[in-house]
Number of protein chains: 2
Amino acid sequence: MYVTISNEHKDQAFYEQTTETISHLRPIRAACGKHVFREGDKVDRIYVVVSGAVKLTRLLEDGRRQIIAFGFPGDMVGFPSHGRHHTDCEALTTVQLEPYQFSSLESGTGDPVLHKAFVQAALREIAAMQDHFVMLGRKSASEKVASFLETMAQRLGEPVGNYRQFPLSMSRADIADFLGLTTETVSRTISLFRKSQVIALDGAHTVVVLRPDALHAIANRDRG
Amino acid sequence: MYVTISNEHKDQAFYEQTTETISHLRPIRAACGKHVFREGDKVDRIYVVVSGAVKLTRLLEDGRRQIIAFGFPGDMVGFPSHGRHHTDCEALTTVQLEPYQFSSLESGTGDPVLHKAFVQAALREIAAMQDHFVMLGRKSASEKVASFLETMAQRLGEPVGNYRQFPLSMSRADIADFLGLTTETVSRTISLFRKSQVIALDGAHTVVVLRPDALHAIANRDRG
DNA sequence: CGTCTCGTTGAACCCCATCAAAGCCGGTGG
DNA sequence: CCACCGGCTTTGATGGGGTTCAACGAGACG
């Protein structure tokens with residue numbers, strides 16, 4: 001949820017099929033901290049994340065920031081509005097992106113398989129954003145952070161011993177701007193989870209989920 | 001902003017063109033309070049609002065509710081995820097909806113003009129939701145309510161004397177669930193605007209914008 | 001005219017933001 | 001290799017914006 005595309009990698013099919021169909025466009029790389037595109041840029045291509053991670057952000061004039069989504073491998077990013085990008089896209093790590101010519105995707109004049117995958121990706125994006133609405137509008141800080149960690153674990157987690165572990169490639173400030181909180185609250189909440197043995201940290205950017213059930217309970221019920 | 005489709009009715013073209021192209025499906029009506037569809041329903045058609053208004057809602061198990069969007073004339077509602085509706089859709093007033101067979105829209109096998117309009121609507125939906133994220137995540141109560149009133153005025157406002165006036169067809173609770181606030185806060189904030197002569201009310205459900213500039217200022221700068 | 005739902009207003013509390021400062025880590029250069 | 005530096009993270013103390021609980025008012029409808 002609230003990830004650009006879906007957790008279900010059935011649609012890995014998208015990437016596999018399409019690289020064969022029209023990979024006229026070479027994969028691109030962006031170093032950590034670099035922008036892939038910026039709000040207002042004309043959209044001639046959209047991207048599928050191959051490796052690494054990106055963040056999609058929107059700014060208010062006064063500097064307040066909202067992160068719309070993170071993009072992980074398999075996610076499609078860069079859906080345009082009126083031919084323009086509507087967010088900034090910045091690399092969280094060194095990232096590889098597979099570009100697709102947008103005009104052919106949009107019009108349906110190009111490869112129909114590719115086109116359908118594009119439409120499906122857009123529809124999944126809408127659904128994911130709807131879930132994120134509920135989180136931003138109606139969940140407490142604990143619920144938000146727990147939901148976020150749970151999603152990340154599902155998305156990026158790998159078994160290590162008896163537990164699942166995953167990297168948090170983004171900063172606390174990024175998490176805060178994604179969840180509509182402050183860095184301090186995010187940090188405090190994560191510390192709380194650590195102290196109550198729900199998760200463990202290895203450095204600030206590697207999380208081990210010790211009690212997935214507890215995490216899930218906090219994500220969906222708690223009010224503190 | 002944060003309306004299902006767009007304020008720009010250039011794409012009124014969609015409705016006009018398509019009613020001629022395949023109006024095999026008759027417009028449907030729903031009375032105030034009735035559901036058009038529910039979360040989980042199989043999607044075989046999506047709708048364009050012709051007259052009246054609907055709300056799209058998502059529920060948490062414990063009863064907390066988030067309104068994803070309101071649908072006004074010209075808006076397309078019912079984008080599916082994995083073939084299912086992902087929100088409830090309920091009529092706020094008596095509403096007329098123009099249904100479109102979804103299968104033909106999705107696959108691109110049907111009318112290409114219609115298909116392209118569908119894709120454009122989905123992309124606008126994504127952009128609108130991105131704006132709403134900023135509001136839910138980063139704006140204060142006053143900013144939220146002012147932004148909402150401003151958008152409604154742009155969308156539904158009609159000149160009355162020297163001012164613009166519009167109907168608030170939804171309840172205070174609906175507005176609260178849309179903005180991520182409580183009914184009390186919405187009511188208090190609206191009262192504040194009324195007392196400071198930014199707006200006037202005629203009953204609880206008709207708003208007159210007295211000072212659009214002030215409303216805009218509150219929507220974008222204020223921190224109270 | 002009575003009832004009922006919705007809206008408004010008041011008072012108290014609490015979660016989270018804000019302000020502040022101390023760790024911690026990675027990087028850099030001596 | 002180590003000491004210093006700068007940014008990020010963590011933790012603490014305090015205050016405020018919005019929720020919560022509660023009661024009153026007002027319009028809608030029979």
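Only heavy atoms go into these numbers, but all of them, side chains included; no hydrogens, no water, no symmetry mates. Within every chain, numbering begins at 1; the chains are lettered A, B, ... in the order of the sequence lines, protein sequences first and strands thereafter.
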message = Is there a side-chain contact between A:Ser191 and the phosphate of D:dT11, meaning an N or O under 4.0 Å from OP1 or OP2?
response = yes

task = Return yes if some donor-acceptor pair links the side-chain N/O of B:Ser196 with the main-chain N/O of B:Phe193 below 3.5 Å, else return no.
result = yes

query = Taking 4.0 angstrom as the limit, do B:Glu143 and A:Arg64 come out as a salt bridge?
reply = yes

Report, one pair per line, the protein and nucleotides 23-29 of chain D atoms (nitrogen or oxygen only) whose separation is under 3.5 Å.
none

query = With sugar-phosphate meaning primed atoms plus P, OP1 and OP2, does B:Ile190 contact a base, only sugar-phosphate, or nothing at under 4.0 Å between heavy atoms?
reply = nothing

request  = Please collect all salt bridge (charged side-chain N to carboxylate O under 4.0 Å, His left out) contacts where either partner lies in residues 209-220 of chain B, sequence neighbours excluded, each pair once.
outcome  = none

request  = Using a 4.5 Å cut-off on heavy atoms from C-beta on, say whether the side chain of B:Leu201 contacts that of B:Val208.
outcome  = no

inquiry  = Any base atoms under 4.0 Å from B:Thr185, or only sugar-phosphate, or nothing? Heavy atoms, all strands.
reply    = base

key: Terminal helix-axis angle for the helix from C:dC1-D:dG30 to C:dG30-D:dC1, with five pairs defining each axis and rounding to 10 degrees   = 40°

Interatomic distance, B:Leu201 CG vs C:dG7 P [rounded to whole Å] = 12 Å

query = Looking at NZ of B:Lys34 and OG1 of B:Thr94, how far apart are the two atoms once the value is rounded to the nearest 0.5 Å?
reply = 11.0 Å

inquiry  = Once salt bridge (charged side-chain N to carboxylate O under 4.0 Å, His left out) is applied, what residue pairs with a partner in residues 195-205 of chain B remain, sequence neighbours excluded?
reply    = none

For residues 157-169 of chain A, dump all side-chain donor-acceptor pairs below 3.5 Å to protein atoms at least two apart in sequence or in another chain.
from, atom 1, to, atom 2, distance (Å)
A:Arg164, NH2, A:Ala153, O, 3.4
A:Arg164, NH2, A:Gly157, O, 3.0

inquiry  = If you compare every side-chain N and O of A:Thr182 against the phosphate oxygens of C:dA17 (OP1, OP2), does one of them come in below 4.0 Å?
reply    = yes

task = Taking only the side-chain nitrogens and oxygens of A:His205, find out if one of them lies under 4.0 Å from OP1 or OP2 of D:dC8.
result = no

Would you give me the side-chain donor-acceptor pairs under 3.5 Å for residues 39-55 of chain B, sequence neighbours excluded?
from, atom 1, to, atom 2, distance (Å)
B:Glu39, OE2, B:Arg58, NH1, 3.2
B:Asp41, OD2, B:Arg38, N, 2.8
B:Ser51, OG, B:Gln96, OE1, 3.3
B:Lys55, NZ, B:Asp174, OD1, 2.9
B:Lys55, NZ, B:Asp174, OD2, 3.3

key: Given D:dT11, C:dC16, D:dG18, the nucleotide with the shortest approach to the side chain of A:Glu184   = D:dT11

remark   = From CG of A:Asp177 across to P of D:dT9 the rounded distance in Å is 12 Å

request  = Could you tell me whether B:Arg29 atom CZ has more than 12 heavy atoms of other residues or ligands within 6.0 Å of it?
outcome  = no

request  = Quickly work out the B:Asp174 CG to C:dT5 C1' distance and round it to whole Å.
outcome  = 14 Å

ask   = Is A:Ser187 touching bases, backbone alone, or none of the nucleic acid, heavy atoms closer than 4.0 Å?
value = base

Interatomic distance, B:Asp202 CG vs C:dG7 C1' [rounded to whole Å] = 15 Å

note = Between CZ of A:Phe193 and C1' of D:dT10 the distance, given in whole Å, is 16 Å

ask   = Would you call B:Arg124 and B:Asp75 a salt bridge, taking side-chain N to carboxylate O under 4.0 Å as the test?
value = no

query = Under 4.0 Å between a side-chain N or O of A:Arg138 and OP1 or OP2 of D:dT19?
reply = no

Interatomic distance, B:Leu136 CG vs C:dC16 C1' [rounded to whole Å] = 17 Å

ask   = Among all residues two or more places apart in sequence or in another chain, which pass the side-chain hydrogen bond (donor to acceptor under 3.5 Å, both in side chains) test with A:His205?
value = none

Filtered N/O pairs between nucleotides 11-14 of chain C and protein, under 3.5 Å:
from, atom 1, to, atom 2, distance (Å)
C:dA11, N6, B:Arg188, NH2, 3.4

remark   = Across all chains, not counting sequence neighbours, the side chain to side chain contact (heavy atoms under 4.5 Å, CB included) partners of B:Ala204 are B:Arg172

key: Any residue meeting side-chain hydrogen bond (donor to acceptor under 3.5 Å, both in side chains) with A:Gln130, in chain and number order, not counting sequence neighbours   = B:His86

key: Contacts of type side chain to side chain contact (heavy atoms under 4.5 Å, CB included), residue B:Thr182, not counting sequence neighbours   = B:Glu184, B:Thr185

message = Does anything in residues 163-172 of chain A come within less than 4.0 Å of DNA chain D? Heavy atoms only, and list the residues if so.
response = A:Ser171, A:Arg172

request  = Send over the distance from B:Leu179 CG to D:dT19 P, rounded to a whole Å.
outcome  = 10 Å

query = Can you say whether the rings of B:Phe70 and B:Phe178 are parallel (under 30°), tilted (30 to 60°) or perpendicular (over 60°)?
reply = tilted

